[in-house]
Novice: 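Sharing a structure here in structure tokens format.
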Amino acid sequence: MTIVTRFPPSPTGFMHIGTARTGLFNWLYAKHNKGKMRFRIEDTDRARHSEAAVEAIINGLKWLEIDWDGDIISQYACGARHTEIAHELVKRGEAYYCYCTPDELEKMRESAKAEGRIASYDRRWRDSKNTPPAGIKPVIRIKAPLSGEQLVNDKVQGEVRVNAEQLDDFIILRSDGVPTYMLAVVVDDHDMGVTHVIRGDDHFNNTFRQNVIYQAMGWDIPVYAHLPLILGPDGAKLSKRHGATGVEEYRNLGYLPEAMRNYLLRLCWSHGDDEIISTEQAIEWFDFDGIGKSPARFDFDKLNFINSHYMKLADNNRLVDLSLDILNRVGHSYSPSTKKYLFAAMDELKTRAKTIAGLVDDSRIYWMTGAITMDEKAAALLDVAGIAIVKKLGVALKNLSNFDNANIELACKAIGESEGVKLGKVMMPLRAALTGTTSSPSLFHAIEILGKDEVLRRIEQSI
RNA sequence: GCACCCAUCGUCUAGCCCGGCCUAGGACACUGCCUUUUCACGGCGGCGACUGGGGUUCGAAUCCCCAUGGGUGUACCA
């Protein structure tokens, strides 16, 4: 049997980090089992639906380098089939028309709450022989079992039971004829041949309801795996106030997709003590056994660490391109020399930064033009003595014929010796003069990269 | 409220199912030292947890019960 998983996001305008995680796990499980992952957009809520939102999710998946099998299915487009099933269920005696008004329902909800019952609808139309009231468009409700225990055997959560009293005859077709999510999911999953439903734990309670539909239709119930939720750093539901919740934001911040995948995977899944896990290993190792049961908090520090790891491994050309993307986005019109500097300094830059955005920040010392803005510490280094040293360095560098790393180092050390001071006393003022800061990558190398003209220009500027 | 789920360092987790190998392992963060022209990187150390209480057992992080805490669900949303 071919294993078929599915990725069914609802288009809410962006791709939530939790959605991405679910997608990743479905994808890994499918890949691990040489199965397929289908992609379906849960777009039945027309009020909230927009093409841009669909686009955002597709782009998010593509960025994460997660692919899917077959066409993207629109749940909305399958509406006729859902409706057909709803009527079929009525015909089979598994569902019925209900003519309750919203007011009546509200009253039932209140009394149910007062009595501590979870199922609020009192099933008054379930087997009613009453003549339907005129002028009211009915909904279709499914007949949930009246007694007994419902069991869900979940690959992550184990066997979970619930009493039938907890289930009510929920609506499968609205009064306006539009199918509900509960019906649509089941019909689509069945029609798409989905064998494994891997989704967030927030859907767990729905599983009991969905099983009612499967059973009423006599369809095979899929294998379920409910993943623990991702919470914010404070343990509360991950929301906007925690910072970035959308995949797009991480992309813009300069995280690498492979880092994102690795981080998301390790959140609530483990394989012994392994932390850095390549996609190939992830596919090879991924299994339900490794999934934890408790919710995990999102930790930016760890993400940063993993990202910096993958940045060190990343190809320089790619990193340069990503850097230029960020420069473009912030409206910095880069020159060919910017690109040249990035290339030359990339080996060093990528070992320092945690994100591409951070890398771009660090790279400023190479491509900045015009007046040098000094930070406080840098300015303090350029006192009388500091300026004197920098002047001497300027002369020495000007006279240097082989303007490379090694010779620059020799020249600087020579100045230090002739002045009788440690190298730090020489380099720090120079660093201040050249970069306007007190921390930067290796100056010898930076000087070589900048070239004699630019170095002398900056020295001139600063003193 | 009711239902369901969860519970090991600050965080992610290993160990738990199949009790002894656990004076509880790894990673991030924090921190000390080393390296060093600065900041990073890197290397070597340190700090730091079985939520509480009852059982069961010769023995419990591991099994059972209760409490507490956290999460989710409870729509003609998905």
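Below, chain A is the first sequence line, B the second, and so on; all start at residue 1. Keep in mind the model is a prediction, meaning the values are calculated, not measured.
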Novice: Between the protein and nucleotides 70-72 of chain B, are there any N/O to N/O pairs under 3.5 Å, and if so, what are the atom names and distances?
Specialist:
none

Novice: Hey, what are the protein-to-nucleotides 28-32 of chain B N/O distances that come in under 3.5 Å?
Specialist:
from   : atom 1 : to      : atom 2 : distance (Å)
C28(B) : O2'    : D301(A) : O      : 3.4
C28(B) : O2'    : K302(A) : N      : 3.2

Novice: Reckon C412(A) touches a base, only the sugar-phosphate, or nothing at all at heavy-atom distances under 4.0 Å?
Specialist: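 Touches nothing.
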
Novice: Just to be sure I understand the rule, does Y263(A) reach a base, reach only the sugar-phosphate, or reach nothing, if contact means heavy atoms closer than 4.0 Å?
Specialist: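 Touches nothing.
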
Novice: Heavy atoms only, 4.0 Å cut-off, all strands: where does N206(A) land among base, sugar-phosphate and nothing?
Specialist: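 Base contact - N206(A) has a heavy atom under 4.0 Å of at least one base atom.
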
Novice: Decide yes or no on side chain to side chain contact (heavy atoms under 4.5 Å, CB included) for W269(A) and F25(A), but give the supporting numbers first.
Specialist: CA-CA 10 Å; W269(A) 180 84; F25(A) 279 37; 3.9 Å; yes

Novice: For G45(B), which nucleotide is its Watson-Crick or G-U wobble mate, given both distances must be under 3.5 Å?
Specialist: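 When the pairing criteria are applied, U31(B) turns out to be the nucleotide that pairs with G45(B).
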
Novice: If pairing requires Watson-Crick or G-U wobble contacts with both distances under 3.5 Å, which nucleotide is the partner of U38(B)?
Specialist: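 Answer to the pairing question: none, since U38(B) forms no Watson-Crick or G-U pair.
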
Novice: Distance-only, no hydrogens or angles: does the N307(A) side chain make a donor-acceptor pair with backbone N or O of K354(A) under 3.5 Å?
Specialist: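 Yes.
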
Novice: Quick one, which residues of residues 143-160 of chain A touch RNA chain B with a heavy atom under 4.0 Å?
Specialist: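 Close to the strand are Q157(A), V160(A).
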
Novice: Let me confirm one number: the CZ-CG distance from R261(A) to L256(A), rounded to the nearest 0.5 Å.
Specialist: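 The CG atom of L256(A) is 9.5 Å from CZ of R261(A), to the nearest 0.5 Å.
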
Novice: Give one of base, sugar-phosphate or nothing for S270(A), where a contact means two heavy atoms less than 4.0 Å apart.
Specialist: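 Sugar-phosphate only.
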
Novice: Which residue pairs satisfy the side chain to side chain donor-acceptor pair (under 3.5 Å) criterion with at least one member in residues 416-429 of chain A, sequence neighbours excluded?
Specialist: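 Qualifying pairs: K392(A)-E419(A).
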
Novice: Please name the nucleotide paired to C9(B) by Watson-Crick or G-U wobble geometry with both distances under 3.5 Å, or report none.
Specialist: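 By the stated definition (distances under 3.5 Å), nothing pairs with C9(B).
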
Novice: Can you pull every protein N or O that's under 3.5 Å from an N or O on nucleotides 46-48 of chain B?
Specialist:
none

Novice: Does K422(A) reach a base, just sugar-phosphate, or nothing at all? Heavy atoms under 4.0 Å.
Specialist: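 No contact.
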
Novice: So what does C100(A) touch, heavy atoms closer than 4.0 Å: a base, only the sugar-phosphate, or nothing?
Specialist: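 Base, at least one base heavy atom under 4.0 Å.
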
Novice: How is V162(A) classified with respect to the nucleic acid when contacts are heavy atoms under 4.0 Å: base, sugar-phosphate, or nothing?
Specialist: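 Sugar-phosphate contact only.
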
Novice: When you measure from the side chain of R266(A), which nucleotide among A78(B), G42(B), G26(B) comes out closest?
Specialist: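 Taking heavy atoms from C-beta onward, the closest nucleotide is G26(B).
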
Novice: Under 4.5 Å between any side-chain heavy atoms of T19(A) and I57(A), yes or no?
Specialist: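 With C-beta onward as the side chain, the pair stays apart.
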
Novice: For a quick test of reading the model: is some side-chain N or O of T44(A) closer than 4.0 Å to OP1 or OP2 of A78(B)?
Specialist: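 T44(A) to A78(B) OP1/OP2: side-chain N or O found under 4.0 Å.
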
Novice: Base, sugar-phosphate, or nothing for P228(A), non-hydrogen atoms under 4.0 angstrom?
Specialist: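 If one applies the 4.0 Å heavy-atom cut-off, P228(A) turns out to touch nothing in the nucleic acid.
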
Novice: What does L173(A) touch in the nucleic acid at a heavy-atom separation under 4.0 angstrom: a base, only the sugar-phosphate, or nothing?
Specialist: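 The residue L173(A) makes no contact with any strand.
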
Novice: Quantified in whole Å, what is the C1' atom distance between nucleotide G15(B) and nucleotide A61(B)?
Specialist: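 After rounding to an integer number of Å, I get 8 Å for this pair.
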
Novice: Check the phosphate of C6(B) against K293(A), side-chain N and O only, distance under 4.0 Å to OP1 or OP2. Yes or no?
Specialist: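 Affirmative; the distance criterion is met.
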
Novice: Any chance CD of E149(A) has more than 12 other-residue heavy atoms, nucleotides or ligands included, within less than 6.0 Å?
Specialist: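 Count over threshold, so yes.
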
Novice: Look at the side-chain N and O atoms of T180(A) and state whether any lies under 4.0 Å from the OP1 or OP2 oxygen of C76(B).
Specialist: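 So the side-chain polar atoms of T180(A) never come under 4.0 Å of the phosphate oxygens OP1 or OP2 of C76(B).
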
Novice: Does S10(A) reach a base, just sugar-phosphate, or nothing at all? Heavy atoms under 4.0 Å.
Specialist: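 Sugar-phosphate contact only.
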
Novice: Please list, chain by chain and in numerical order, all residues satisfying ring-ring contact (aromatic ring centres under 6.0 Å, His included) with H196(A), sequence neighbours excluded.
Specialist: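 So H196(A) forms a ring-ring contact (aromatic ring centres under 6.0 Å, His included) with Y29(A).
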
Novice: By the 4.0 Å heavy-atom rule, please label S175(A) as base, sugar-phosphate, or nothing.
Specialist: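 S175(A): base contact, heavy atoms under 4.0 Å.
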
Novice: Check for a donor-acceptor pair, side chain of D169(A) on one end and backbone N or O of A144(A) on the other, with a separation under 3.5 Å.
Specialist: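 Such a contact is found between D169(A) side chain and A144(A) backbone.
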
Novice: Under 4.0 angstrom, heavy atoms only, what part of the nucleic acid is L267(A) near: base, sugar-phosphate, or nothing?
Specialist: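 It contacts sugar-phosphate atoms only.
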
Novice: On the side chain of S442(A), is there an atom forming a donor-acceptor pair with the base of U36(B) - under 3.5 Å, no angle test?
Specialist: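 Answer no: no donor N or O sits under 3.5 Å from an acceptor.
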
Novice: Where do Y263(A) and F298(A) land on the ring-ring contact (aromatic ring centres under 6.0 Å, His included) test, with the steps shown first?
Specialist: CA-CA 9 Å; Y263(A) 177 70; F298(A) 197 89; 5.1 Å; yes

Novice: Can you tell me if R109(A) touches the phosphate of C76(B), counting only side-chain N or O atoms and a distance under 4.0 Å to OP1 or OP2?
Specialist: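 Yes, within the criterion.
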
Novice: With heavy atoms under 4.0 Å as the rule, sort Q166(A) into base, sugar-phosphate or nothing.
Specialist: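 Here Q166(A) touches the backbone only, sparing every base.
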
Novice: Can you tell me, in whole Å, how much space there is between the P of G70(B) and that of A27(B)?
Specialist: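 That atom pair is separated by 31 Å.
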
